[in-house]
Trainee: 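What follows is a single structure, and I will ask about it in a moment.
Sequence lines set the chain letters: A, B, ... in the order given, protein chains first and strands last, and positions in each chain run from 1.
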Amino acid sequence: MADLQLELEKAIRVIKIEVSSSEQEELHKELNNFLLWLEPMLDLDTKDTAQVLFRHDAFNVWRKDRVKQGELAELQEAAPNFAGGFYLVPRIFE
Amino acid sequence: MELRKTSVRQAVEAVYNRELTAHKLIEQTLKNCSILNETMNIFTHIAGIDALEQAKAVDRKIENGAQLPLAGVPVAVKDDICYGVLPTSFGSAAFKEFISPYTATAVEKLMDAGAIVVGKTNLDDMSQGSTTLSSPFGPTLNPWLAERAAGSAGAAALATGVCMLSLESDNGGALRQGASDCGVIGLRPTAGRISNYGLNTFTSSFGQVGISAFSSENISCAFEIISGFDERDASTAVCRDRSTEKHAVADIEKIKIGYPVNAFDYLEPGLREVYEKTRDEYAARGFMFEEIDLTLLREALQAYYIISAAEASSNHARFDGIRFGKAGKATDLEELYCKTRGVTLGREARRRSVFGTFLLSKGNYDCYYRQALKVWNMVREEFAAAFGRYDIIVLPAVKSLPRPLDEEKEFIEDWADDLYCAPVSLAGLPSLCLPVGRVGQLPVGMQLIGPPFSDEFLVEICNRVFR
């Protein structure tokens, strides 16, 4: 259970959400119930089964890469702001 | 014109025959939408002057001789499908006023055919749910029993007669369960038959745009228009010759229907009787029902929740205040992320994001996620084997009746309600939910499930057999 608590805290840090201590407590209980609920699926024998890789049994048709030199002037023209060889973007933090 | 009693074809004929104009039809529909919304909470936004202008434009096109197969037909669009005129909230209060810079392909196709969007319909928190109870805008009431949830607001809009078609999304069964709860017909097509461009789905593998209507004839009419390849959605299927997709249904009594008896053990009291009565009625008419075993329904549901939670955690990552989402005041990047995501993601979205991140983490990936991917394959194979013997399979659409608005349920019980729908999403199969009976006042729907690309076949069966 202690491990689960640590892993839960890690997951919350990774996804970057603010969680109150009561919500975290609730999430811990829910995660525990969720893992118990999953047990029948974990018991299935899947050793001879391949995992699904794609939503469809269809494959993309690839073309060869065509490398061509872009026109810098054209790109500069399309950019809202451009100076000193860089695109200028709005400042997020003051 | 009473929309529930009128087919799309009749409405379009009336507009072309000048019995009424598209403008008049939409004007009256918008009034009805506003009146109903006060009590039912069906729409997050109702169209205004824009819809009336579009209707006028349709009238002008008709005067100029244009052929529009959906001229003046009022359509509702679920609020996770982008429409560049009205706000698209995705089921998050933070996006309540967000107007998408583009419109979804399916909406565009409907509008090109002359349909008019009358409003955006309510949905669960980030579209995660099949009740509307987790909606940040409050639940939608069931049109048949107001103290219960509607399941899908689009289905409620159809049942109350404020639109003729409803464009919806279906991940683990929202469209089909909503259709069942409100007594309308809903089609979740084969994965890739309708473009998902412009759909904000939390689960990229299972999210699919679908259509609901009051009759299979209306479904057929809309599906013909919105299905097909879309160069903006690489997952859409290329169908070179549409005629080959249509199965011959000349001798309809000869279709073989698989009836998975074991699946009916999980139903709430009252529901089983409805399904058995339906089977017996049609068996008496000569249809061949054969008992089959679908052994993986429960495990398929669990695999669905692992994969969809993992995908939700990834898909929700973009709501960080920089790529998407309204950025709050913050002193550093970390705080900005946390604050933005704190207000953007509701309780259900947070739960699934946390669970998904946990399942994808080192040490859990192989045990849970990889196992779920293998079970996904087993489920596909089980359905494929069944379709070697049967033309269609029937399954309940719901495990229980629509939820009372004040009932608190453990989240796992809530998820377990997707028992009959999520496995079909996992297999990428087309499923048409149609009303087959009632328990008390509440309608009950049944799924007709077919092999991939049998969408038109299912609509035809619904039209001719289960009318």
Trainee: Based on non-hydrogen pairs under 4.5 Å, which of B:E335, B:K339, B:R351 is most in contact with chain A?
Mentor: B:R351

Trainee: Quick one: of B:L336, B:D332, B:I322, B:T331, who has the most non-hydrogen atom pairs under 4.5 Å with chain A?
Mentor: B:D332

Trainee: Using non-hydrogen atoms only, which part of B:L333 is less than 4.5 Å away from chain A: side chain, backbone, both, or neither?
Mentor: both

Trainee: Tell me whether B:F387 at atom CZ has more than 12 heavy atoms from other residues, nucleotides or ligands lying less than 6.0 Å away.
Mentor: yes

Trainee: In terms of heavy-atom pairs under 4.5 Å, which option from B:F206, B:Y337, B:Y368 contacts chain A the most?
Mentor: B:Y368

Trainee: Are there residues of residues 82-90 of chain A whose heavy atoms fall under 4.5 Å of chain B's heavy atoms? If so, which?
Mentor: none

Trainee: Checking heavy atoms, do the side chain of B:S204, its backbone, both or neither come under 4.5 Å from chain A?
Mentor: backbone

Trainee: For a quick test of reading the model, state the closest non-hydrogen atom pair linking B:R347 to A:L27 and the distance between them.
Mentor: NH1-CD2, 3.7 Å

Trainee: Under a 4.5 Å cut-off applied to non-hydrogen side-chain atoms, are B:Q371 and A:L38 in contact?
Mentor: no

Trainee: Where on A:V14 is there a heavy atom nearer than 4.5 Å to chain B: the side chain, the backbone, both, or neither?
Mentor: side chain

Trainee: Would you check if the side chain of B:Q302 reaches a backbone N or O of A:M41 as a donor-acceptor pair within less than 3.5 Å?
Mentor: yes

Trainee: Between atom NZ of A:K29 and atom CZ of B:F411, what is the distance when rounded to the nearest 0.5 Å?
Mentor: 9.5 Å

Trainee: Using heavy-atom distances under 4.5 Å, tell me whether B:S361 contacts chain A through its side chain, its backbone, both, or neither.
Mentor: side chain

Trainee: Among A:N33, A:T49, A:L8, which has the most heavy-atom pairs under 4.5 Å with chain B?
Mentor: A:T49

Trainee: Measuring heavy-atom distances to chain A, does B:L359 have an atom under 4.5 Å in its side chain, in its backbone, in both, or in neither?
Mentor: side chain

Trainee: Would one find more than 12 heavy atoms of other residues, nucleotides or ligands at under 6.0 Å from atom CD of B:E410?
Mentor: yes

Trainee: How many angstroms lie between atom NZ of A:K16 and atom CD of B:E334, to the nearest 0.5 angstrom?
Mentor: 4.5 Å

Trainee: When only heavy atoms count and the cut-off is under 4.5 Å, which of residues 307-321 of chain B reach chain A?
Mentor: none

Trainee: How close do A:T46 and B:M378 get, counting heavy atoms only, and between which atoms?
Mentor: CG2-SD, 3.6 Å

Trainee: For the residue pair A:P40 and B:R298, what are the closest heavy atoms and their distance?
Mentor: CB-NH2, 3.5 Å

Trainee: Does a side-chain N-to-carboxylate-O contact under 4.0 Å join A:E26 and B:R350?
Mentor: no

Trainee: Which bit of A:D45 is near chain B, if near means a heavy-atom gap under 4.5 Å: side chain, backbone, both or neither?
Mentor: backbone

Trainee: Do the non-hydrogen side-chain atoms of A:L44 and B:K374 ever get within less than 4.5 Å of each other?
Mentor: no

Trainee: Please identify, among B:S235, B:G428, B:A300, the residue contributing the most non-hydrogen atom pairs under 4.5 Å to chain A.
Mentor: B:S235

Trainee: Could you state the interatomic distance from CG (B:D366) to CD (A:Q51), rounded to the nearest 0.5 Å?
Mentor: 9.0 Å

Trainee: Taking all non-hydrogen atoms of both residues, which atom of B:V354 and which atom of A:A11 are closest, and how far apart?
Mentor: O-CB, 3.9 Å

Trainee: So how far is it from A:W37 CH2 to B:Y305 OH, rounded to the nearest 0.5 Å?
Mentor: 7.0 Å

Trainee: Would you compute the distance between atom OG1 of B:T340 and atom CD1 of A:I17 and round it to the nearest 0.5 angstrom?
Mentor: 13.0 Å

Trainee: Measure across B:C367 and A:L42 and return the closest heavy-atom pair with its distance rounded to 0.1 Å.
Mentor: O-CD2, 3.4 Å

Trainee: Hey, what do you get for CG (A:L53) to CH2 (B:W376), rounding to the nearest 0.5 Å?
Mentor: 9.5 Å

